[in-house]
Amino acid sequence: MELLNEICQTARRNKLRTTLTGFAVAWGIFMLIVLLGAGNGLINANMKQSDRFLSSSMVVYGGMTSKPYQGLKEGRTVRLHENDMSITATEFSKNVDEVGAQYNANATISLDRQYISTGISGVYPNHTKINKVEMLYGRFVNDIDIRESRKVLVLGNKQAKELLNLPAAQSQQEGSEARLVGQFVKVGNLAFKVVGIYKENENGRAEVFSSYSAIKRIFGANTDDAGRIEFTFHGLPTEQANEDFERDYRHRLNAEHQAHPEDEDAVWLWNRFTQNLQMEKGIGIIRTALWIVGLFTLLSGIVGVSNIMLITVKERTHEFGIRKAIGARPWNILRLIIVESVIITTFFGYIGMVLGVAANEYMDATIGHETIDTGLFKATMFLDPTVGLDVCIEATLIMVLAGTVAGLIPAYKASRIPPIEALRAD
């Protein structure tokens, strides 16, 4: 207890020195936590967006030729045909699993006097796996719907509530939209049966799904445009394997549409696997950069603490001489410096940690709820900027240890100085 009182008195007599030491500790830990939190917020947001899709899947779009070929000029529009789906399923069956397609149209869906104007997508059953559609009630499009061209609908939960025109109190009730399953609604002038309700992505644009064959027959009967092809795959574990597959696949489809084999604009491939690999590389670079910057920030705090402790011990050499003259042992002096250093760095380190956590919470409450419209969906650019408690504690312990070591070395030397020489020190 006497030791703590003595340390408190020393801190009061040297307020500026104590404040500077504490600021160096708190600032280093604060900046480390804020930097790591901000980085984790960006990483978590990107990871959430990547989780929207199945990584082992590809989507194929028709594009526009950028190279002349066999007497044909560049600038021709390439539209995928259903024969391209057959080519995908048969000639690339070594790696391709399920092949589907998506045909999009715009329609007005009505129930009694309520209606919504929205996009309607004709899809295959594998769409729910590729785009991770979460069903709440009923079912998704199945193979029988495709084979028989059934006019079925899968609505988003908010769309269903809008069509039902429920009172505010009922609209808030969980499962209130389930009553729409099994009912018939109109798509234009045609009757469609609602077979399922899915959970809409809060940051996305809601779609209405139906069977590919029905939508293609109704909205695309006079065109050979198949929309876009989507399929799952296996056996492509590396980036090089994916690049080889993409090259061969593009060459084959380009040949089908009389486009140059090396024309990458004629057919567009969205490979979620390589996209995830690139994202993981980018995330790894961000993590490394954040840790480097954070550690250098922490190091600047350690240097500040070390310099102040060195000066502190040098200024108190005369005091140590007096203590030794009245009977203090070297260990008593070392203990005083160690305990003082630990208390100061721990106290201010805790303050820096709390302020860093508070800053991360503020970031989460402000920019963490902002979204941008990518054209396909709304994306959150900042999500859950948190830092693990272990990182906070480790950073504080490092600062405590650094401050202790910085004061221990000169204190040890001072404790070995004979009392007469220590008393002569200025």
Side-chain angles (χ1 to χ4, degrees), residues 52-53 59-62 79-82 85 99-165 177-231 270 373-378:
R52 290 167 52 90
F53 310 107
V59 182
V60 188
Y61 303 82
R79 299 185 184 278
L80 299 178
H81 305 152
E82 292 190 9
M85 295 175 60
V99 179
Q102 182 172 356
Y103 192 89
N104 298 320
N106 293 316
T108 299
I109 302 173
S110 60
L111 176 65
D112 298 329
R113 294 184 178 182
Q114 293 300 119
Y115 68 91
I116 58 174
S117 296
T118 183
I120 184 169
S121 299
V123 296
Y124 278 73
N126 67 338
H127 182 85
T128 183
K129 181 190 299 183
I130 291 174
N131 289 277
K132 297 186 177 180
V133 179
E134 181 182 347
M135 296 300 300
L136 296 176
Y137 312 102
R139 64 174 178 83
F140 198 70
V141 176
N142 60 30
D143 292 326
I144 299 176
D145 296 330
I146 301 295
R147 187 167 59 250
E148 299 181 359
S149 299
R150 289 178 174 177
K151 293 190 285 292
V152 296
L153 282 186
V154 179
L155 296 167
N157 56 326
K158 295 179 183 178
Q159 295 171 326
K161 290 181 179 180
E162 188 174 350
L163 281 176
L164 288 170
N165 192 26
E177 65 273 26
R179 69 182 70 176
L180 192 58
V181 176
Q183 294 191 39
F184 284 87
V185 298
K186 283 189 175 182
V187 177
N189 295 320
L190 299 174
F192 277 65
K193 184 178 181 179
V194 178
V195 297
I197 307 293
Y198 74 93
K199 183 179 180 180
E200 294 181 25
N201 191 307
E202 293 182 2
N203 296 326
R205 291 182 176 179
E207 295 180 276
V208 176
F209 300 109
S210 183
S211 66
Y212 176 87
S213 52
I215 298 303
K216 180 68 169 61
R217 179 176 295 180
I218 296 169
F219 294 96
N222 298 321
T223 177
D224 58 356
D225 182 9
R228 65 192 192 196
I229 299 172
E230 49 189 19
F231 59 88
W270 181 8
D373 195 338
T374 65
L376 294 175
F377 52 84
K378 292 181 180 179

If only atom types and distance count, is the side chain of D143 paired as donor or acceptor with the main-chain N or O of P125 below 3.5 Å?
no

Report, as yes or no, whether the 6.0 Å neighbourhood of atom CG on N189 holds more than 12 heavy atoms from other residues, nucleotides or ligands.
no

Can you give me the closest heavy-atom contact between F192 and L153, atom names plus distance?
CB-CG, 3.7 Å

Just to verify, which of R217, Q102, E82 counts as forming a side-chain contact (heavy atoms from CB on, under 4.5 Å) with Y212?
E82

E162 side, atom CD; L111 side, atom CG - distance, nearest 0.5 Å
11.5 Å

Quick one, N165 and R113 - any side-chain contact, counting heavy atoms below 4.5 Å?
no

Does the side chain of F53 come within less than 4.5 Å of E230's, by heavy atoms?
no

If you look at every heavy atom in I120 and V187, which pair is closest and at what distance?
CD1-CG1, 4.4 Å

Nearest 0.5 Å please: distance from the NE2 atom of H81 over to the CD1 atom of I229.
10.0 Å

Give a yes or no on whether the backbone of I146 and the side-chain of S213 come within a donor-acceptor separation of less than 3.5 Å.
yes

Quick one, K151 and I218 - any side-chain contact, counting heavy atoms below 4.5 Å?
yes

Report the distance from atom CG of L136 to atom CD of E177, rounding to the nearest 0.5 Å.
6.5 Å

Take Y198 and E207 through the test side chain to side chain contact (heavy atoms under 4.5 Å, CB included) and record every step on the way to the result.
CA-CA 10 Å; Y198 74 93; E207 295 180 276; 4.2 Å; yes

Nearest atoms (heavy-atom pairs only) where I130 meets F231
CD1-N, 3.9 Å

Walk me through whether R228 and W270 qualify under side chain to side chain contact (heavy atoms under 4.5 Å, CB included).
CA-CA 11 Å; R228 65 192 192 196; W270 181 8; over 6 Å; no

Once you round to the nearest 0.5 Å, how far does OH of Y137 lie from CG of N157?
8.0 Å

Value for CD1 (I109) from CD (Q114), rounded to nearest 0.5 Å, stands at 13.5 Å

Closest heavy-atom pair and its distance - S211, R150
OG-O, 2.7 Å

Can you confirm whether or not the ring centre of F140 sits under 6.0 Å from the ring centre of F209?
yes

V133 and H127: which non-hydrogen atoms are nearest, and at how many Å?
CG2-CD2, 4.3 Å

Main-chain N/O of G188 paired to T108 side chain as donor or acceptor, under 3.5 Å
no

Side-chain contact test, heavy atoms from C-beta onward, threshold under 4.5 Å: evaluate it for N106 versus S117 and give yes or no.
no

Side chains of L180 and Q183 in contact at under 4.5 Å (non-hydrogen atoms)
yes

Smallest separation among heavy atoms of T118 and Q159, with atom names:
OG1-NE2, 3.7 Å

